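Written out below as structure tokens is the structure these notes cover.
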Amino acid sequence: MPEPDPFWWRDTEPARPRRVEGGIQINSTRGQVARTWWSQRFIAVLESIGVGGRLSRGRSYARAGQIVSLDVDVGGAVAQVQGSRPQPYRVRIGIPAFGKTEWAAVAQALTDDASYAAALLNGEMPREIEAVFEAVGLTLFPASTRDLAMDCSCPDHAVPCKHLAAVFYVLAERFDADPFQILALRGRDRETLLEDIRARRAAAHAAGPANGAPALADVIDTFFVAGPGLADRLAGPRTPSDALLDQVPEFAIEVRGEQLTDLLRPAYRALGDE
């Protein structure tokens, strides 16, 4: 008769997950995952509300490609993450979406400042966009754990578990590539928001100068001169000069006991400082 398990009360899975062929994984093989300011802000917010302390548990899962599927839509993300058991775990991350009235206020605020509209139309996330949401009584990123619904079908009682944490990392990297996915979670996809902004700008232009604003002919000499702070708002994300090396897989051959990427890193950083 087999000996009873002395740790029967531990309802957790073994350490080694089952390998996934063709799973979704992050590109960063080392170092930080978030590269753009908005993705870093997303991770920082999670840390500030007490979620980030457990995120590192899922980093290896995200890098190993343990996520079988991931669907991001209005109000959250749904994923399947492979653990050590045969059946993948069901993971859900929920974020409240805004309604039409709330998004109308946001769109108008973005339209009123030409620099915001220009940055968004250029595919960038304005650094002051959080202030735009706050001005109309909203928050772009989750403000507390009440703004996040986290659920996983695994037996781990910690929240977030490593399966949820892995999905957070993949989301952060997706935000790097497309900042509009952050807005989509809150209820506005890229094309809908940009179409709304264009329509509002066209309506304002058709209405003519307002509040005593000068006609274009009177200010044509300075029309193309950037106003105070405009250049900073339109500047792209400051990606570290050696970020590319974090995406390169380790070489089998070492040079004097050091990885080739580690030898190249000082040169990349020096070029970035020029």
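Source: prediction; values computed, not measured.
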Lys/Arg-Asp/Glu bridge criterion (N-O < 4.0 Å) met for Glu130, Arg41: yes
Are any of the side-chain heavy atoms of Asp151 and Ile93 separated by less than 4.5 Å? no
Would one find more than 12 heavy atoms of other residues, nucleotides or ligands at under 6.0 Å from atom CZ of Arg190? yes
Heavy atoms, side chains only, cut-off 4.5 Å: are Tyr61 and Val81 in contact? yes
Hydrophobic clusters here meaning ILVMFWY residues chained together by side-chain heavy-atom distances under 4.5 Å, can you tell me if Val91 and Met150 are in one? yes
Please verify the inter-ring angle class for Phe175 with Phe42; under 30° counts as parallel, over 60° as perpendicular, anything in between as tilted. perpendicular
side-chain contact (heavy atoms from CB on, under 4.5 Å) partner of Ser39, chosen from Asp176, Ile182, Leu171: Asp176
Ring centroid separation Phe133 to Trp103 under 6.0 Å: yes
Does Arg85 reach the side chain of Pro155, with side-chain heavy atoms less than 4.5 Å apart? yes
Do the side-chain N and O atoms of Thr192 and Asp189 include a donor-acceptor pair separated by under 3.5 angstrom? yes
Take Gln108 and Arg200 through the test side chain to side chain donor-acceptor pair (under 3.5 Å) and record every step on the way to the result. CA-CA 7 Å; Gln108 187 59 53; Arg200 291 174 185 274; 2.7 Å; yes
Leu185 side chain near Val74 side chain, heavy-atom distance below 4.5 Å: no
Is the shortest side-chain heavy-atom distance between Ile197 and Tyr116 below 4.5 Å? no
